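Structure first, then comments.
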Number of protein chains: 2
Amino acid sequence: MAKRTRVTRQKAATIADVARLAGVSVATVSRTLARPEVVIEETRIRVLAAVRDTGYMPNISARNLRVRKTMVVLVAVPDIANPFFAEVLQGIDDTLSVAGYGLIIANLAGPPEKEARYVDLVCAGQADGVLLLCGHVIRSPDRDLREARVPLVAACEYIPRENFPQVTIDNVGTAREAVGHLIELGHASIAYLSGPKSNILEQQRLEGYLQALREAGIAADAGLILPGDFTFRAGVEAGRALLALEPVARPTALFAANDEMAIGLIKTVHAAGLQIPDDLSVVGFDGIAYADYCEPTLTTIVQPRRDLGATAAAELIALMTTGKAGLRKDINLPATLALRDSTRPPRKRPGHLRS
Amino acid sequence: MAKRTRVTRQKAATIADVARLAGVSVATVSRTLARPEVVIEETRIRVLAAVRDTGYMPNISARNLRVRKTMVVLVAVPDIANPFFAEVLQGIDDTLSVAGYGLIIANLAGPPEKEARYVDLVCAGQADGVLLLCGHVIRSPDRDLREARVPLVAACEYIPRENFPQVTIDNVGTAREAVGHLIELGHASIAYLSGPKSNILEQQRLEGYLQALREAGIAADAGLILPGDFTFRAGVEAGRALLALEPVARPTALFAANDEMAIGLIKTVHAAGLQIPDDLSVVGFDGIAYADYCEPTLTTIVQPRRDLGATAAAELIALMTTGKAGLRKDINLPATLALRDSTRPPRKRPGHLRS
DNA sequence: ATGCCGCATGTAATCGATTACATTTTCATG
DNA sequence: CATGAAAATGTAATCGATTACATGCGGCAT
């Protein structure tokens with residue numbers, strides 16, 4: 001019976017240890033593991049036994065160095081604590097992990113110099129590809145991801161003037177649909193709770209809001225466009241702003257650029273005695289899990305969060321393996337308006353008749 | 001003036017390219033980057049210029065291979081979409097990233113074979129340490145993390161009978177405090193909405209609940225212990241179960257093993273006409289952001305989520321660098337009872353007097 | 001018997017860094 | 001000016017895998 005040369009091995013076994021124990025060369029061990037069929041049965045058995053006995057695992061750094069791959073992708077996400085992104089991440093993780101990829105998460109919430117560190121990481125060959133959920137190509141003062149020729153795919157937030165694949169939903173169209181729903185219910189005084197002006201999603205959703213009003217022949221009122229920044233707190237503040245208005249000047253409905261703000265707003269105006277949806281109909285955007293938990297449940301545009309992630313991941317895998325992207329460069333996934341309890345026709349009050 | 005040997009370089013520059021351009025040896029380049037002070041100023045300038053001109057970045061796989069480190073840690077998290085863990089992750093990320101570590105997230109939600117893949121990854125030397133948020137040492141059929149001698153730290157969920165550092169809160173004590181608060185308000189009929197029985201957190205929180213009752217001389221009633229599993233849905237179902245009871249047999253207060261269930265329950269019983277907290281006081285556990293957003297805001301045990309993550313990460317760094325853990329093996333962080341709007345003394349009804 | 005083919009395996013180059021050790025240069029001191 | 005220590009740099013081994021190429025061997029056709 002064969003014996004290990006060193007019975008009590010402190011450090012992990014290497015391929016040489018396995019080769020020695022099995023009485024073959026390192027090349028044979030490597031081949032047995034990579035392409036078992038090219039090795040004769042008898043040696044295969046010996047090698048596999050030796051692998052088992054030594055508890056051998058190929059050293060990934062060595063392999064990476066040799067084959068110039070890492071089987072890791074970096075995901076840049078604006079805020080990992082945001083439930084929307086958490087669900088997109090799930091989709092990414094599902095797809096990537098069955099393909100054997102690990103994922104490094106670059107959480108951009110926090111000090112901005114972290115972003116640069118991640119870019120450097122990728123440029124140093126620590127990742128085979130990058131998934132951007134953050135609306136911009138992540139930057140470092142002295143290195144550029146695009147020059148590094150790393151496969152890139154963006155998702156969720158569209159990045160204009162780039163030519164890598166992007167996976168998004170039709171933000172303009174669905175925002176128009178959301179506001180259209182309010183108009184169909186009979187609302188004519190519809191406020192918009194916006195995101196940060198520089199954000200592309202904000203711009204698109206605002207555009208959809210304006211389009212819907214225009215189509216219905218309703219004049220947009222700048223006073224009904226409330227500033228926000230996608231946070232719950234912004235929703236609370238917008239709620240206060242609404243309450244500060246003369247009741248008769250208040251809109252009968254509101255479209256929020258995302259769910260968190262919508263929920264913050266609802267909570268605030270409800271606490272002040274307004275009935276939702278009777279006194280104010282509210283539509284959100286995103287379809288986070290909580291939109292279905294809150295009171296009342298929130299009518300909102302439900303984004304296919306897992307699907308966005310999964311599709312982007314699949315596209316990136318295509319890009320990394322074949323070098324060429326799939327058929328379409330810009331992929332649009334369907335998002336749907338979920339009708340729930342926060343919308344209803346307006347109360348008949350003279351102050352709210354069509355202008 | 002020195003010129004690059006190959007002006008249009010397709011692939012990334014290597015240390016040899018830099019050395020050639022600067023007219024020095026590779027050792028000097030490496031030293032210049034690692035310990036600039038050991039190199040004479042003049043060469044340092046030449047080398048750094050060459051680095052800049054070539055856009056050189058050390059290849060991480062090569063370095064990892066040579067120094068047997070990866071500067072990456074793996075974090076095993078039960079469910080990345082759970083907001084509680086998302087915040088713990090933030091704390092981990094903050095601490096780890098300033099120390100220069102990247103993090104690979106092992107999301108255990110999903111197919112169980114993924115867990116094994118991650119274990120293999122670590123055993124293959126892809127990570128320098130592992131952070132467990134999942135209440136058990138992750139396993140693979142043929143490899144054991146503990147045998148691999150990888151630095152391990154657990155956080156959030158205590159893992160009994162292990163001797164690596166663990167960072168948690170006092171679940172028993174804080175649960176007792178939560179229930180004690182209800183008792184002080186005058187409640188005597190207090191239900192408990194439990195987590196999955198096999199979960200250690202569930203066991204500890206149940207223990208705290210029972211202790212508080214015992215101390216107050218209240219007999220525990222098995223009928224008031226509702227089954228749950230930490231999900232929103234379980235809260236909804238528990239709410240239905242509560243509604244199915246004769247009004248007079250209903251508890252006047254409830255302690256839920258986590259916030260999500262508490263919120264699901266509140267939503268359900270509120271929709272059926274019960275007033276919170278007037279008809280039912282509710283205390284949750286965890287202190288997720290949403291507990292402060294919902295209607296009414298939830299009285300709950302607030303865990304120091306970021307701190308749990310940050311402390312565990314710091315402990316792991318100590319373990320990875322010095323090889324020895326900090327002073328204490330089991331670290332307890334303080335968690336506090338946040339008094340909000342979901343608790344109040346019970347209505348005076350004969351059926352609810354002390355038994 | 002000879003030569004050739006193809007299969008199984010072995011030998012050694014290679015990936016790109018770090019670093020122990022060797023060598024050269026610098027410079028203070030007797 | 002010689003000498004030796006200290007400082008700066010160079011040479012080459014090394015980390016642990018993959019893989020191109022070399023080698024050996026058995027069988028088959030001539």
Side-chain angles (χ1 to χ4, degrees), chain A residues 5-6 9-48 50-51 54-71 120-121 123-126 128 148, chain B residues 5-6 9-48 50-51 54-71 120-121 123-126 128 148:
Chain A
T5 28
R6 269 145 243 256
R9 173 167 303 289
Q10 290 286 23
K11 289 284 118 203
T14 73
I15 197 170
D17 298 320
V18 177
R20 202 173 311 129
L21 178 55
V24 298
S25 73
V26 293
T28 300
V29 176
S30 180
R31 274 190 289 254
T32 306
L33 266 23
R35 302 185 305 284
E37 70 280 4
V38 307
V39 107
I40 209 170
E41 166 148 17
E42 190 233 319
T43 40
R44 190 189 321 145
I45 292 175
R46 272 218 319 284
V47 170
L48 292 181
V51 166
T54 52
Y56 169 73
M57 281 241 61
N59 178 305
I60 306 246
S61 297
R63 169 183 297 166
N64 289 350
L65 172 59
R66 182 59 230 241
V67 306
R68 300 152 160 287
K69 295 213 294 178
T70 63
M71 296 307 282
D120 290 350
L121 213 71
C123 291
Q126 184 77 305
D128 293 342
Chain B
T5 30
R6 267 144 244 257
R9 174 168 304 286
Q10 291 285 22
K11 290 283 118 202
T14 73
I15 197 172
D17 298 321
V18 177
R20 204 173 310 132
L21 178 56
V24 298
S25 74
V26 293
T28 300
V29 176
S30 180
R31 275 190 287 253
T32 306
L33 266 23
R35 301 186 306 282
E37 70 281 4
V38 306
V39 108
I40 208 170
E41 165 146 17
E42 190 233 320
T43 41
R44 190 188 322 143
I45 292 175
R46 274 221 315 287
V47 169
L48 292 181
V51 166
T54 54
Y56 169 73
M57 281 241 62
N59 178 305
I60 306 245
S61 297
R63 168 183 299 166
N64 288 350
L65 172 59
R66 182 60 230 241
V67 307
R68 298 151 161 289
K69 297 212 296 177
T70 63
M71 297 306 281
D120 290 350
L121 212 73
C123 291
Q126 184 77 305
D128 293 341

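In what follows, chains carry the letters A, B, and so on, assigned in the order in which the sequence lines appear, proteins first and then strands, with residues in each chain numbered from 1. Keep in mind the model is a prediction, meaning the values are calculated, not measured.
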_I need the CZ-C1' distance between B:R20 and C:dG16, as an integer number of Å._
13 Å

*Between B:T54 and B:A50, is there a donor-acceptor pair closer than 3.5 Å when you use the side chain of the first and the backbone of the second?*
yes

*Hey, is the side chain of A:S30 poking within less than 4.0 Å of OP1 or OP2 on D:dA17, counting only N and O atoms?*
no

*For the side chain of A:R68 and the base of C:dG16, is some donor closer than 3.5 Å to an acceptor across the two?*
no

*asked:* Under 4.0 Å, heavy atoms only, any strand: does A:I40 hit a base, just the sugar-phosphate, or nothing?
replied: sugar-phosphate

*Is a side-chain donor-acceptor pair under 3.5 Å present for B:D128 with B:T70?*
yes

*Could you pick out which residue, A:V26 or B:V39, lies toward the 5' side of DNA chain D when each is mapped onto its nearest nucleotide?*
B:V39

*Euclidean distance, atom CG of residue B:L33 to atom P of C:dT19 [Å, nearest integer]*: 13 Å

_Gap between atoms CG and C1', on B:N64 and D:dT14 respectively (whole Å)_ = 15 Å

_Distance test, side-chain N/O of B:T43 to OP1/OP2 of D:dT9, below 4.0 Å_ = yes

_Value in whole Å for how far the P atom of C:dC7 lies from CD of A:E37_ = 13 Å

_If you assign each of B:A27 and A:R66 to its closest nucleotide in DNA chain C, which residue comes earlier from the 5' end?_
A:R66

*asked:* Surrounding CD of A:E41 (heavy atoms of other residues, nucleotides or ligands, distance under 6.0 Å), is the total greater than 12?
replied: no

*Using atom OH of B:Y56 as one end and atom C1' of C:dA17 as the other, report the distance to the nearest whole Å.*
6 Å

_Nearest whole Å is fine: how far is D:dA13 P from B:I15 CD1?_
17 Å

_Closest nucleotide among C:dT9, C:dA12, C:dG16 to the A:T28 side chain_ = C:dT9

*From the options C:dG16, D:dA17, D:dT9, select the nucleotide whose nearest atom is closest to the side chain of B:T14.*
C:dG16

*Starting at atom CZ of B:R35, determine the distance to atom C1' of C:dA20, rounded to an integer number of angstrom.*
11 Å

*asked:* Closest approach to the side chain of B:N59, judged atom by atom: which nucleotide of C:dA17, D:dA8, D:dG16 is it?
replied: C:dA17

_Nearest to the B:V67 side chain among D:dA17, C:dT18, C:dT9, which nucleotide is it?_
C:dT18

*asked:* Quick check: do A:D17 and A:Y56 have side-chain heavy atoms less than 4.5 Å from each other?
replied: no

*Using atom CZ of B:R63 as one end and atom P of D:dG16 as the other, report the distance to the nearest whole Å.*
18 Å

_Any side-chain heavy-atom pair of B:T28 and B:V39 under 4.5 Å_ = yes

